[in-house]
Each structure stands twice: as structure tokens, then as C-alpha cells.
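Worksheet: one structure, shown below.
Only heavy atoms go into these numbers, but all of them, side chains included; no hydrogens, no water, no symmetry mates. We number each residue from 1, following the sequence as shown. Being a predicted model, the structure only gives us computed values, none of them experimental.
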Amino acid sequence: LDHITSFPAVLMPVFSLVPLLRSHGVGRVLIDGAHTIGQLEPSVVASSMRLSDWYVANVHKWLNGAWSAAVLFASETGQASLHPAVISNFFR
């Protein structure tokens, strides 16, 4: 679910959509916040993070970060289903 769409840059009503999705049986919700960091107040972004299971955003668009820099927030339920793509030799 986009928080702000790429084109035509519409702010989606995630605070209404996520409860609606959950009421219709959608168990897990990921919000794509690629355009939010630097565009919305930090408190709005933080509230959106707490609303979803996962919230992802990149920081190169509005914070002048590296192209590979990104943010992933995962709720407790979202963390349970995350698995690393690469496991180091120190994994137990």
C-alpha cells in the first residue's frame, strides 16, 4: 500500500485503509513510504509505522542519502516472518 503514490503524488488515507483492510481479513499490511520521509511530518510517518506490519522507505529521494540506503520498520508480528537473505558464519 503506497503512502504517497509516485504519480500523481497522492497522499493515501492509510489511517482509514489499513483498518478497512484488516476488517476484510487482510492479515498483514506493508506500507511503501518511499516518498514520505522528508515530505510528511515525522510524527505522521511514525504513526503510520505503528499502524502496519512493515513500513519501508528509501532515504535517497528526500534526505540525499546513498541510493542503497533504506529504512525497514517491522512490528513484532512482522518481525516473526522476517528472515535474512544471507546468514553469516556466526549464525546459531
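In this structure P42 satisfies the side-chain contact (heavy atoms from CB on, under 4.5 Å) test with no other residue, sequence neighbours excluded. Under the side chain to side chain donor-acceptor pair (under 3.5 Å) criterion, T36 pairs with Y55, not counting sequence neighbours. For Q39, the side-chain contact (heavy atoms from CB on, under 4.5 Å) partners two or more places apart in sequence, or in a different chain, are I4, W62.
Here ring pair (Phe, Tyr, Trp, His ring centres under 6.0 Å) pairs that include residues 12-37, with residues two or more places apart or in two chains, number zero. Legend: salt bridge (charged side-chain N to carboxylate O under 4.0 Å, His left out) pairs involving residues 72-86, not counting sequence neighbours: none detected. Within the structure, every pair that satisfies the salt bridge (charged side-chain N to carboxylate O under 4.0 Å, His left out) test and touches residues 15-25, not counting sequence neighbours, is listed here: R22-D53. Applying the salt bridge (charged side-chain N to carboxylate O under 4.0 Å, His left out) rule to pairs touching residues 25-36 yields nothing, sequence neighbours excluded.
Scanning all heavy atoms of the two residues, the minimum distance from G33 to A57 falls at O-CB, 3.2 Å. Looking at every heavy atom in both residues, S75 comes nearest to S52 through CB-O, 3.9 Å. Contact record, L21 with V29: CD1-CG2, 4.4 Å, taken as the closest heavy-atom pair.
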Begin with the C-alpha distance, continue with both residues' side-chain angles, and end with the deciding distance and a verdict on side-chain contact (heavy atoms from CB on, under 4.5 Å) for V18 and I31. CA-CA 9 Å; V18 172; I31 296 177; 4.1 Å; yes

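Grouped with V56 in one hydrophobic cluster are L30, W54, L72, L82, the linkage being side-chain heavy-atom contacts under 4.5 Å among Ile, Leu, Val, Met, Phe, Trp and Tyr residues. When hydrophobic side chains of Ile, Leu, Val, Met, Phe, Trp and Tyr are connected at separations under 4.5 Å, F7 ends up as a singleton with no cluster partners.
Side-chain atoms of H3 and L40, non-hydrogen and from C-beta on, do get closer than 4.5 Å to each other.
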Could you pull out all donor-acceptor pairs under 3.5 Å where a side-chain atom in residues 43-51 meets a protein atom, sequence neighbours excluded?
residue: S47; atom: OG; partner: S43; partner atom: O; Å: 3.0
residue: S47; atom: OG; partner: R50; partner atom: NH2; Å: 3.4
residue: S48; atom: OG; partner: V44; partner atom: O; Å: 2.9

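Note: N58 CG to L63 CG = 9.5 Å, rounded to the nearest 0.5 Å.
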